[in-house]
Amino acid sequence: RPDAPALEEARARGSTVTSEMEVFFEVCPCPIIAVTGSDGKTTTTTLISEMLRAAGRTVWLGGNIGMPLLDKAGEMKKSDITVLELSSFQLMSMTRSPHIAVITNLSPNHLDVHKDMEEYVWAKGNIYRHQRAGDLLVLNYDNALTRAQAGEAPGKVRFFSRQNGTTEGLFLQNGFIADARGPILNTQEIRIPGDHNVENYMAACAALRDLVEPEIMARVSREFAGVEHRLELCRDKDGVRWYNDSIASSPTRTLAGLRCFAEK
């Protein structure tokens with residue numbers, strides 16, 4: 001924790017206490033898209049990077065996923081895009097926010113480290129708290145905690161909703177993820193299973209609606225096989241399918257995975 005006694009003592013002696021991610025935000029030369037949430041942030045972050053790459057952009061993927069990016073900043077160009085997954089621990093002491101921020105959902109998590117749920121939600125809020133007027137915040141309308149954060153956003157807000165077809169932003173219409181401009185992709189063509197992955201696609205599409213064409217998003221949905229360790233099909237033997245879902249490290253993630261299958 002940033003307020004650990006040893007760190008507080010170091011500050012009192014004049015030390016600067018920071019983190020790899022805080023310094024990266026200071027030196028990164030290109031636009032940053034960042035994703036947080038209790039569930040779905042790894043898949044959503046990966047989907048955003050896949051869609052941008054399919055659109056021909058040079059993408060740097062990191063944060064709470066993949067490799068540290070601080071030592072790569074010197075190789076980055078202004079025309080590149082960085083896509084980050086950010087945990088509540090990384091966000092707790094952040095004083096900068098990305099140009100596009102996504103919060104997939106919020107539910108009780110990491111309360112063995114955070115003082116309470118209020119602090120956990122507050123930490124997640126740092127992903128947008130330092131945005132500017134022209135920046136974008138993408139929120140899950142169907143999650144009460146994330147919906148309530150819209151009133152605090154310094155920039156633009158775009159919702160996505162699987163349940164409310166009239167929500168301003170992205171919604172489901174006749175089996176398609178769509179918005180006021182029209183259909184984006186067919187949910188029946190999404191290769192990775194589960195309603196929660198429909199929401200992950202909605203979040204990714206909402207973040208990139210102004211950057212990537214719908215046909216490219218749709219192509220990714222047909223081709224993307226999923227994140228390693230996340231409902232990853234390992235083997236089909238004697239009529240039994242074996243999946244590696246070891247990233248499902250909370251009850252809500254495990255339940256979402258189990259609901260993907262009709263079989264026992």
Side-chain angles (χ1 to χ4, degrees), residues 1-38 40-104 109-110 113-114 119-120 122-132 134-138 154-155 200 203-204 207-208 211-212 227-230 247 249:
R1 290 179 55 90
D3 58 0
L7 297 182
E8 295 285 24
E9 291 173 13
R11 287 190 188 93
R13 294 194 301 268
S15 295
T16 297
V17 179
T18 186
S19 68
E20 181 257 341
M21 193 48 57
E22 289 174 85
V23 176
F24 176 74
F25 265 75
E26 293 177 17
V27 301
C28 179
C30 60
I32 297 175
I33 301 174
V35 179
T36 196
S38 299
K41 57 183 179 292
T42 300
T43 299
T44 302
T45 304
T46 306
L47 286 174
I48 290 172
S49 67
E50 291 290 323
M51 290 176 180
L52 287 168
R53 288 192 178 107
R57 302 298 295 267
T58 298
V59 180
W60 300 85
L61 177 65
N64 199 44
I65 180 176
M67 63 182 182
L69 292 178
L70 182 56
D71 64 337
K72 302 294 183 182
E75 303 173 29
M76 297 177 182
K77 300 176 181 177
K78 290 183 179 180
S79 57
D80 298 347
I81 295 183
T82 295
V83 183
L84 302 173
E85 175 188 328
L86 296 178
S87 69
S88 60
F89 307 137
Q90 289 170 311
L91 286 164
M92 276 187 77
S93 54
M94 291 290 289
T95 57
R96 296 171 185 260
S97 295
H99 303 85
I100 299 176
V102 180
I103 304 181
T104 58
N109 209 343
H110 299 308
V113 175
H114 289 288
E119 183 188 79
Y120 173 66
W122 180 90
K124 293 289 194 182
N126 269 340
I127 199 170
Y128 64 80
R129 195 164 283 125
H130 310 290
Q131 284 187 317
R132 299 179 181 179
D135 294 335
L136 173 66
L137 171 62
V138 174
N200 293 336
L208 299 179
L211 297 174
V212 176
V227 178
E228 190 179 23
H229 314 308
R230 168 69 70 205
I247 289 180
S249 54

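Keep in mind the model is a prediction, meaning the values are calculated, not measured. Here, residue 1 is the first one in the sequence, and each next residue gets the next number.
Proximity of a side-chain donor or acceptor of Thr43 to a complementary backbone N or O of Gly40 within less than 3.5 Å is not detected.
Residues Tyr120 and Ser38 form a side-chain contact, since some pair of their non-hydrogen atoms from C-beta on lies under 4.5 Å apart. No side-chain heavy atom of Glu85 sits less than 4.5 Å from a side-chain heavy atom of Gln90. You'll find the side chain of Arg96 stays beyond 4.5 Å of the side chain of Ile32, heavy atoms only.
Smallest separation of non-hydrogen atoms from Ser97 and Arg129: OG-N, 3.6 Å. Annotation for Met94 and His130: closest pair O-NE2, 3.1 Å, computed over non-hydrogen atoms. Of all the heavy atoms in Ser88 and Ala123, the pair that sits closest is O-CB, 3.8 Å. Ala204 and Thr44 make their closest contact through N-CG2, 4.0 Å (heavy atoms, listed as atom of the first residue, atom of the second, distance). Between Arg53 and Leu61, the shortest heavy-atom contact is NH2-CB, 4.1 Å.
For the side chain to side chain contact (heavy atoms under 4.5 Å, CB included) criterion with Ile100, the lone passing option out of Ile81, Ile33, Val83 is Ile33. A side chain to side chain contact (heavy atoms under 4.5 Å, CB included) with Tyr128 is found for exactly one of Val138, Val102, Ile103, Thr36, namely Ile103.
Annotation: side-chain hydrogen bond (donor to acceptor under 3.5 Å, both in side chains) contacts involving residues 16-30, sequence neighbours excluded, comprise Ser19-Glu22, Glu22-Ser93. Screening residues 75-84 for side-chain hydrogen bond (donor to acceptor under 3.5 Å, both in side chains) gives Trp60-Asp80 as the qualifying pairs, with residues at least two apart or on separate chains.
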TODO: For Asn64 and Lys41, run side-chain contact (heavy atoms from CB on, under 4.5 Å): C-alpha distance rounded to whole Å, both residues' side-chain angles, the deciding distance at 0.1 Å, then the answer.
DONE: CA-CA 10 Å; Asn64 199 44; Lys41 57 183 179 292; 4.3 Å; yes
Open item on the list: Using the rule given for side-chain contact (heavy atoms from CB on, under 4.5 Å), can you reason through Leu136 versus His99, listing the C-alpha separation, both sets of side-chain angles and the distance that settles it, and then say yes or no?
Closed with: CA-CA 6 Å; Leu136 173 66; His99 303 85; over 6 Å; no
TODO: Take Leu84 and Met21, measure what side-chain contact (heavy atoms from CB on, under 4.5 Å) needs, and give me the verdict at the end.
DONE: CA-CA 10 Å; Leu84 302 173; Met21 193 48 57; 3.7 Å; yes
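The distance from atom OG1 of Thr42 to atom CD1 of Ile65, rounded to the nearest 0.5 Å, is 5.0 Å. Here Arg57 contributes atom CZ and Ser49 contributes atom OG; the two are 13.5 Å apart, rounded to the nearest 0.5 Å. One finds the CG atom of Leu52 at 6.5 Å from the CG atom of Leu211 (value rounded to the nearest 0.5 Å).
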